[in-house]
Protein chains: 2
Amino acid sequence: MSALDLSQFLPYRLSVLANKMSAQLATVYAERFNISIPEWRVIAVLGQFDGVSADFVGGKTEMDRVTVSRAVAKLLKKRYIKRRFQISDRRCSVLSLAAAGKHVYADVVPLAKQYEDALTVVFDPTTFAQFNAGIDRLQAQLAAVEGDLF
Amino acid sequence: MSALDLSQFLPYRLSVLANKMSAQLATVYAERFNISIPEWRVIAVLGQFDGVSADFVGGKTEMDRVTVSRAVAKLLKKRYIKRRFQISDRRCSVLSLAAAGKHVYADVVPLAKQYEDALTVVFDPTTFAQFNAGIDRLQAQLAAVEGDLF
DNA sequence: CGAGTATAGTTTCAGTTGCAACTATTCTCA
DNA sequence: TGAGAATAGTTGCAACTGAAACTATACTCG
């Protein structure tokens, strides 16, 4: 019987790595600001793109409608973000960071960068670039095989 | 205000990539055999290491006790695996694939390998080896910075 | 021995997740 | 125009999740 060594299997290896990394990073902001990973992602997008819709956030973060909707609801309750709706299209929300949210963003961004730096010391710049190129190629290939599975 | 581009941020990039990959792979066996990702991982370990304990499976798969316990319970109900307990230590389970589970394993392993191959065509062997080395280095570095976070 | 500690595994509980169905609004084109 | 399709977002539901408490068994050392 043909065997499979999980520890050498790419999807599994990436899953373990990414989950540990996300969880470790989350400890940096989770209890400090009482926000979850989806909530942080919403804040991260709004820090970069102010006044966008929930769907735009979903597109940027690859989170689905529902996850974004609930993250937005929690952030509104915590007053980390504000919401209006477009006059021209009242279906579309217009999200932006409230003062408290800007503080979270300003505090977390350097920590996140520090964390990334603390990990990527294992790469010299060229190797890191190659690793990133690998991620991009896999990402593209994922989309290519999509649907077309066996 | 210093900004963070999520789409260029390593933990985020890996998270998106790994989640998509796992989800895509799961479609290969999910409805075909009615098993979840944790259940497949248990089967994968038992295909490689017959007669091990639930904790051993947890160690190999990086899944916690609870996740393994529940996956095992479901696989038992579906008669994909069998369970005994050690005579010398009745706390320790002794898990092994039942006939149906062996079939699942025998069917899924080639599909999983095909899937991996379909993705890694984007790499020549050397590049793939370098990419894997990168994963290993990051994995090691994750453990190194552990606890020691800011 | 036997009280205290450690280990394997399960259960409870509270929170999260995603699909599908829903509301509300806007667009399309006969 | 206005009926039907499309889009933005929310909610109900059922399954999944992990932390903490629990059961049961085995080990340790005074």
Side-chain angles (χ1 to χ4, degrees), chain A residues 15-16 18-20 22-24 26-27 29-31 34-42 45-46 49 51-78 81-96, chain B residues 15-16 18-20 22-27 29-31 33-42 45-46 49 51-78 81-96:
Chain A
S15 171
V16 169
N19 287 339
K20 267 196 202 162
S22 286
Q24 215 173 57
T27 66
Y29 54 74
E31 80 294 347
N34 186 35
I35 52 177
S36 65
I37 293 176
E39 289 167 67
W40 158 245
R41 286 185 180 169
V42 172
V45 172
L46 297 184
F49 307 96
V52 296
S53 71
D55 258 30
F56 179 91
V57 172
K60 277 286 164 193
T61 56
E62 307 264 349
M63 300 192 292
D64 69 27
R65 259 181 170 38
V66 180
T67 307
V68 174
S69 172
R70 288 197 261 238
V72 164
K74 282 175 197 159
L75 290 170
L76 281 170
K77 189 175 293 182
K78 292 172 195 165
I81 67 176
K82 289 176 294 187
R83 177 169 61 178
R84 295 184 302 109
F85 287 89
Q86 274 188 36
I87 318 159
S88 59
D89 185 343
R90 279 176 299 170
R91 293 170 305 180
C92 290
S93 58
V94 178
L95 303 171
S96 54
Chain B
S15 172
V16 169
N19 287 339
K20 267 195 203 161
S22 287
Q24 216 173 55
L25 176 60
T27 67
Y29 54 74
E31 81 293 349
F33 301 106
N34 187 33
I35 52 176
S36 65
I37 293 177
E39 290 167 65
W40 157 246
R41 286 184 180 170
V42 171
V45 171
L46 296 184
F49 307 96
V52 297
S53 70
D55 258 30
F56 179 90
V57 173
K60 277 285 163 194
T61 56
E62 307 263 351
M63 299 192 293
D64 68 28
R65 258 178 169 38
V66 179
T67 306
V68 174
S69 172
R70 287 196 264 237
V72 164
K74 281 175 198 158
L75 291 170
L76 282 170
K77 188 175 293 183
K78 292 171 194 164
I81 67 175
K82 289 175 295 187
R83 177 170 61 178
R84 295 184 302 109
F85 287 88
Q86 275 190 34
I87 319 158
S88 59
D89 186 342
R90 282 176 296 169
R91 292 171 306 180
C92 290
S93 59
V94 177
L95 303 171
S96 54

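Proteins come first, then strands; the chains are lettered A, B, ... in the order of their sequence lines, and each starts at number 1.
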Nearest-nucleotide pick for Ser69(A), side chain only, options being dT11(D), dA8(D), dT10(C): dT11(D)
Pro38(A) side-chain proximity, nearest of dT17(D), dT17(C), dC19(C): dT17(C)
Rounded to whole Å, how long is the line connecting atom [atom1] of [X] with atom [atom2] of [N]?
{"X": "Asp64(B)", "N": "dT17(D)", "atom1": "CG", "atom2": "P", "value": "9 Å"}
{"X": "Asp55(B)", "N": "dA8(C)", "atom1": "CG", "atom2": "P", "value": "5 Å"}
{"X": "Arg65(B)", "N": "dG18(D)", "atom1": "CZ", "atom2": "C1'", "value": "13 Å"}
{"X": "Ile35(A)", "N": "dT16(C)", "atom1": "CD1", "atom2": "C1'", "value": "16 Å"}
{"X": "Asn19(A)", "N": "dT17(C)", "atom1": "CG", "atom2": "P", "value": "13 Å"}
{"X": "Lys77(A)", "N": "dG15(C)", "atom1": "NZ", "atom2": "P", "value": "12 Å"}
{"X": "Gln86(A)", "N": "dA24(C)", "atom1": "CD", "atom2": "C1'", "value": "15 Å"}
{"X": "Ile37(A)", "N": "dT17(D)", "atom1": "CD1", "atom2": "C1'", "value": "13 Å"}

Pair Arg41(A), Ser36(A): side-chain N/O donor-acceptor within cut-off below 3.5 Å: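 Judged by distance alone, the side chains do not pair up.
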Donor-acceptor pair between Asp64(B) and Thr67(B) side chains, under 3.5 angstrom: yes
So, is [X] near the phosphate of [N], with a side-chain N or O under 4.0 Å from OP1 or OP2?
{"X": "Arg83(B)", "N": "dA8(C)", "result": "no"}
{"X": "Thr67(A)", "N": "dG18(C)", "result": "yes"}
{"X": "Ser93(A)", "N": "dA8(D)", "result": "no"}

N/O donor-acceptor pair, side chain Arg91(B) with base dG9(C), under 3.5 angstrom: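 Between dG9(C) and Arg91(B), which were checked side chain against base, a qualifying N/O pair under 3.5 Å is absent.
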Donor/acceptor link under 3.5 angstrom from Arg70(A) side chain onto base of dG9(D):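 Between dG9(D) and Arg70(A), which were checked side chain against base, a qualifying N/O pair under 3.5 Å is absent.
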5'-most by nearest nucleotide on DNA chain C - Arg90(A) or Lys74(A):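 On the 5' side of the pair lies Lys74(A).
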Value rounded to 0.5 Å, distance of CZ in Arg90(B) from CD in Gln86(B):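 Between Arg90(B) CZ and Gln86(B) CD, I get 12.0 Å after rounding to 0.5 Å.
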Sugar-phosphate only, base, or nothing, as touched by Ser36(A) at under 4.0 Å among non-hydrogen atoms: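 No contact.
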Criterion side-chain contact (heavy atoms from CB on, under 4.5 Å) on Ile35(A) and Leu75(A), from CA distance to verdict: CA-CA 8 Å; Ile35(A) 52 177; Leu75(A) 290 170; 4.1 Å; yes
Non-hydrogen side-chain atoms of Lys82(B) and Leu95(B) separated by less than 4.5 Å: no
